[in-house]
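Positions are given from 1 along the sequence. Ligands are counted one by one from 1 in listed order, and the atoms in each one are counted from 1 as well.
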Amino acid sequence: MTTTLTLTQGDITRESADAIVNAANSSLLGGGGVDGAIHRRGGPAILDECRRLRASHHCRGLPAGQAVATTAGNLDAQWVIHTVGPVWSPTEDRSELLASCYRESLRVADELGARTVAFPAISTGVYRWPMEDAARIAVESVRGTSTDVDEVRFVLFDDRAYEVFARRLG
Ligand code: AR6
């Protein structure tokens, strides 16, 4: 089974895919950036399910590097897969956690039976991960993961992020 990696530029909440990945935080209760946009456009059903997850399996929150799925509410998708990227650190190498976000999201996608998955550039906004390095980790992690997903689509918000990912995909 081969997975095709594709790129598009724009707002991930406008994408149509089986699963849309959210760059969440450990609280799973919303935030800015992609997270804010997903909850705004997806509507309250997503937050309701996040709250239920916090009350049951994830009462301490979701650790960085892990992933969990909810409904996608009003988004053009069946599921949102919430993953928590690491905050960039200039003194500590947290690359393995960022790679884990992509691997774990694909593992959850496989469990769900999702065949198309849209990813944002996890950790490159509020969490300040440098785009070049984040793109390298994103592409290497997805290429290195065995999955039934047919298409992994990176959705980049601005020109620069798009160009960086395009160079990396070659
Ligand atoms: N569609 C696609 N990409 C987007 C969108 C969008 N609608 N909005 C922003 N980006 P970020 P993080 C890009 O900050 O760094 C939240 O508060 C953005 O330009 O969303 O993992 C959470 O609750 C950047 O390149 O995620 C957490 O607290 C990339 O998406 C924290 O931010 C990721 O930026 C997570 O920070």
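- Considering backbone and side-chain N/O of I12, one or more are found under 3.5 Å from N/O of ligand 1.
- Given atom 15 (O) of ligand 1, the protein heavy atom at minimum distance is G125 N, 2.8 Å.
- For atom 26 (O) of ligand 1, the closest non-hydrogen atom on the protein side is A23 CB, 3.6 Å.
- Checked by distance only, ligand 1 and R128 stay at 3.5 Å or farther apart across all their nitrogen or oxygen atoms.
- When atom types are taken as modelled, the side chain of N22 and the backbone of I81 share no donor-acceptor pair closer than 3.5 angstrom.
- Residue V126 has at least one N or O atom closer than 3.5 Å to an N or O atom of ligand 1.
- Side-chain polar atoms of T91 and S89 form a donor-acceptor pair below 3.5 angstrom.
- Looking at R153 and E15, a side-chain N of the basic residue comes within less than 4.0 Å of a carboxylate O on the acidic one, giving a salt bridge.
- A salt bridge links E96 to R103: at least one charged side-chain nitrogen sits closer than 4.0 Å to a carboxylate oxygen.
- In the vicinity of G33, heavy-atom distances shorter than 4.0 Å reach the ligand 1 atoms 8 (N), 20 (O).
- Looking at V34 next to ligand 1, an N or O pair under 3.5 Å apart turns up.
- For atom 21 (O) of ligand 1, the closest heavy atom belonging to the protein is S123 N, 2.8 Å.
- Only the side chain of A37 comes within 4.0 Å of ligand 1, judged by heavy-atom distances.
- Closest to atom 7 (N) of ligand 1 among all protein heavy atoms lies D11 OD1, 2.9 Å.
- In the displayed structure, R14 atom CZ is contacted under 6.0 Å by at most 12 heavy atoms of other residues, nucleotides or ligands.
- Between the side chain of D35 and the backbone N or O of A24, no donor-acceptor pair lies under 3.5 Å.
- Under 4.0 Å is where a charged nitrogen must lie from a carboxylate oxygen, and between E140 and R136 at least one such pair does.
- Regarding atom 36 (O) of ligand 1, its nearest protein heavy-atom neighbour is Y127 CG, 3.4 Å.
- Between G32 and ligand 1, a contact under 3.5 Å exists for at least one N or O pair.
- Just one of T71, V80, V68, L28 meets the side chain to side chain contact (heavy atoms under 4.5 Å, CB included) condition when paired with C50; it is L28.
- Taking the six-membered ring where the residue is Trp, F165 and F154 present tilted rings, their angle falling between 30° and 60°.
- What sits closest to atom 25 (O) of ligand 1 on the protein, heavy atoms only, is T124 OG1, 2.6 Å.
- Using a 4.0 Å cut-off to heavy atoms of M131, the atoms of ligand 1 that qualify are 25 (O).
- Atom 33 (C) of ligand 1 has as its closest protein heavy atom A121 O, 3.3 Å.
- Using a 4.0 Å cut-off between charged side-chain N and carboxylate O, R167 and E163 make no salt bridge.
- Looking only at distances, no side-chain donor or acceptor of T4 sits under 3.5 Å from a matching main-chain atom of E151.
- At least one N or O atom of N25, backbone or side chain, sits closer than 3.5 Å to an N or O atom of ligand 1.
- Those atoms of ligand 1 with a heavy atom of G10 less than 4.0 angstrom away are 1 (N), 2 (C).
- Scanning the protein for heavy atoms near atom 13 (C) of ligand 1, the closest one is F157 CB, 3.8 Å.
- Every atom of ligand 1 is numbered from 1 in the order shown, and the set under 4.0 Å from a heavy atom of G31 is 17 (O), 23 (O).
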